[in-house]
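See below for the structure under consideration.
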Amino acid sequence: MSKYYLNYLDELESEAIFILREVWAQFQNPVILFSGGKDSIVVTHLAKKACYPSRLPFPLMHVDTGHNFPETIQFRDDLITELEAQLIVGSVQESIDQGRVAEERGKNATRNALQITTLLDAIEMHHVDCAIGGGRRDEEKARAKERFFSHRDDFGQWDPKNQRPELWNLLNGKHFEGEHFRAFPISNWTEMDVWNYILRENIKIPSLYFAHEREVVWRSNSWIPVSRHLKLEEGETVHTKKIRFRTLGDITITGGIESEADTLEKIVTEVAAMKQTERGNRSDDKRSETAMEDRKRQGYF
């Protein structure tokens, strides 16, 4: 009798597809939280596989901070056209204009935390009962506490002590009116797994992930890209460096690393030698030891 073996990427893919199919089976109006970053791109690719040969059944929801990399927005729009998918956009700028949130001021101001209100408003407006994210347990200690199905109360808040057990691959999506879930199908993946999978599947990603020359300033121990949103401080000097980004977010807080990795093969080799986590260059995560967990408790991704 022949035996059927899966390599580790096949096992991770199979698990993620199982979770995505459970989302489709248990929820009425799920969406994919799409940032334009590699993890949300991989989740979208997996969702296509999970539903093949049908079209992608999940709308993509993007919380637009107004401080995005232009390359990210262009990639998002091109992908939506290619997939013929529905795009839902929540605008942080509209939340500011409506007085729902107040914009931060100062050198390290960011719109990252402001996304919470915009996201929760979009979830309520579109009656979303499950938002599928690309969070991974290796990214940050708060994310290591997540389940595949992460329960959120009727305020959209996360309580790590009030999560459902997930024994024997049984996922419980039952919730009361007003509550919803976040689902994380690639929770058990690492950054290295993501890159190996992108390489194997030849998945398109934004050019920001590849080494390229860019004007940057040294701030918070990272190379922060120069943009119209960045206010230079006294003593800061603009440099032209060949850099790439390991993670994408608000352009004002996402730091790049000096790199020569301009192909997927070179990125995989570079990541294999990394000792710092990919979110180590996100200045918003450096505000406190519990910065991520505090935002998650309020309703962050």
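In this chain, numbering begins with 1 at the start of the sequence shown.
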task: Under the ring-ring contact (aromatic ring centres under 6.0 Å, His included) rule, collect the residues that match up with Tyr197, sequence neighbours excluded.
output: His45, Trp189

message: Here's a test for you: under ring pair (Phe, Tyr, Trp, His ring centres under 6.0 Å), which of Phe69, Phe210, Trp223 qualifies with Phe245?
response: Phe69

task: Say whether, by atom type as modelled, one donor and one acceptor occur between the side chain of Gln26 and the main chain of Lys174 under 3.5 angstrom.
output: no

task: Examine distances only and state if a side-chain atom of Asp64 and a backbone atom of Gly66 form a donor-acceptor pair shorter than 3.5 Å.
output: yes

message: Between Asp121 (side chain only) and Thr118 (backbone N and O only), is there a donor and an acceptor less than 3.5 Å apart?
response: no

message: Using only atom types and a distance under 3.5 Å, with no angle test, would you say the side chain of Arg100 pairs donor to acceptor with the backbone of Thr117?
response: no

message: For Asn7, is there any backbone N or O sitting under 3.5 Å from a side-chain donor or acceptor partner on Glu11?
response: no

message: Please check this pair: side chain of Lys204 against backbone of Ile41, looking for a donor-acceptor N/O pair closer than 3.5 Å.
response: no

field: Non-hydrogen side-chain atoms of Pro57 and Trp24 separated by less than 4.5 Å
entry: yes

query: When you look at Arg152 and Leu120, which way does the side chain to side chain contact (heavy atoms under 4.5 Å, CB included) test go after all the steps?
result: CA-CA 11 Å; Arg152 305 299 169 105; Leu120 295 179; over 6 Å; no

message: Taking Leu33's backbone N and O only, do any of them form a donor-acceptor pair with His62's side chain (distance below 3.5 Å, no angle check)?
response: no

- prompt: Can you tell me how far the NE2 atom of His229 sits from the CG atom of Asp250, to the nearest 0.5 Å?
  reply: 8.0 Å

message: Please confirm whether the ring centroid of Phe27 lies under 6.0 Å from the ring centroid of Phe149.
response: yes

field: Worked verdict on Trp158 versus Arg182 for side chain to side chain contact (heavy atoms under 4.5 Å, CB included)
entry: CA-CA 10 Å; Trp158 173 69; Arg182 310 288 170 85; over 6 Å; no

query: Going by an N to O cut-off under 4.0 Å, is there a salt bridge joining Arg137 and Glu146?
result: no

- prompt: Which class fits the ring pair Phe181 and His175: parallel under 30°, tilted 30 to 60°, perpendicular over 60°?
  reply: perpendicular

message: Any side-chain to backbone donor/acceptor pair from Thr44 onto Ser40? Under 3.5 Å, distance only.
response: yes

message: Distance alone, cut at 3.5 Å: any donor-acceptor contact between the side chains of Asp78 and Thr81?
response: no

query: Is Glu191 salt-bridged to Arg136, cutoff N-O under 4.0 Å?
result: no

message: Between Ser259 and Glu270, do the side chains contain a donor N or O and an acceptor N or O under 3.5 Å apart?
response: yes

- prompt: Is atom CD of Glu265 surrounded by more than 12 heavy atoms (other residues, nucleotides or ligands) closer than 6.0 Å?
  reply: yes

- prompt: Any ion pair linking Glu13 and Arg200 (charged N to carboxylate O, less than 4.0 Å)?
  reply: yes

field: Beyond-backbone contact of Val89 with Arg76, side-chain heavy atoms, under 4.5 angstrom
entry: yes

query: Within 45° of the six-membered ring axis of Tyr52 and under 6.0 Å from that ring's centre, is NZ or CZ of Arg21 located there?
result: no

Heavy-atom donor-acceptor pair, Asp129 side chain to Asn29 backbone, under 3.5 Å: yes

Expected output: side-chain Arg147 to main-chain Arg164 donor-acceptor under 3.5 Å: yes

